[in-house]
Amino acid sequence: MADFVDGTAFNHEQGHRARKLFAAVVLAALDDAIADDKKYGNGPEQIARWARSRDGREVLSCAGIDPNERVVSGLMEFVARGVRTSVALSREESERRQLQERAEAA
């Protein structure tokens, strides 16, 4: 019984690692689309094409993201903003956005 529990815990942990790996691929695809947007002006279309492709849907699914049109439009909006993923995920950027939202609400 203990072996079964250990094996299940190991498989669960492996699943989390795999999901994080695929999430990193999604973030890299977003960064590539942002770079394309700055260079060629077609970033949102690029990420939409990727997300709707078979490979893109597979990667999104493996990352734990449901590959539907709502997600595709969200990815396109993110790319259109032009903020790199490393910056968008930083604490400073999060605090700056919160301050900006508070100032707009007041």
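Cluster partners of Leu99 are absent, since no Ile, Leu, Val, Met, Phe, Trp or Tyr has side-chain heavy atoms less than 4.5 Å from it.
Other residues, nucleotides and ligands contribute only 12 or fewer heavy atoms inside 6.0 Å of the CZ atom of Arg54.
Following chains of ILVMFWY side-chain contacts shorter than 4.5 Å, one can reach Leu89 starting from Val71, so the two form part of one hydrophobic cluster. No path of Ile, Leu, Val, Met, Phe, Trp and Tyr side chains, each step under 4.5 Å between heavy atoms, connects Leu21 with Leu60, placing them in separate hydrophobic clusters.
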For this session: Assess whether side chain to side chain donor-acceptor pair (under 3.5 Å) is satisfied between Arg49 and Gln46, documenting all intermediate values.
Result: CA-CA 5 Å; Arg49 188 176 309 121; Gln46 287 290 88; 2.3 Å; yes
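Between Ile47 and Ala33, the shortest heavy-atom contact is CB-CB, 3.8 Å. For the residue pair Gly56 and Ser53, the shortest heavy atom distance occurs at N-OG, 3.0 Å. Residues Arg52 and Arg57 share a closest heavy-atom pair of O-NH1, 2.7 Å. Shortest non-hydrogen contact noted between Val72 and Ala51 is CG2-CB, 3.8 Å.
Checked by atom type and distance alone, the side chain of Asn68 pairs as donor or acceptor with a backbone atom of Arg70 at under 3.5 Å. The main-chain N or O of Pro44 is never found under 3.5 Å from a side-chain atom of Asp37 such that the two would form a donor-acceptor pair.
Residues satisfying the side chain to side chain contact (heavy atoms under 4.5 Å, CB included) criterion with Phe22, sequence neighbours excluded, are Val59, Cys62, Ala63. Every side chain to side chain contact (heavy atoms under 4.5 Å, CB included) that Glu95 has, sequence neighbours left out, goes to Arg91.
Note that CZ of Phe78 is 10.0 Å distant from CZ of Arg84, once rounded to the nearest 0.5 Å. To the nearest 0.5 angstrom, Leu30 atom CG is 11.5 Å from Ser86 atom OG. Remark: Asp31 CG to Thr85 OG1 distance equals 3.5 Å, nearest 0.5 Å.
Two residues are said to be in side-chain contact when any heavy atoms from C-beta on lie closer than 4.5 Å; Glu45 and Met76 fail this criterion. Considering only heavy atoms from C-beta on, Trp50 comes within 4.5 Å of Val26 through its side chain.
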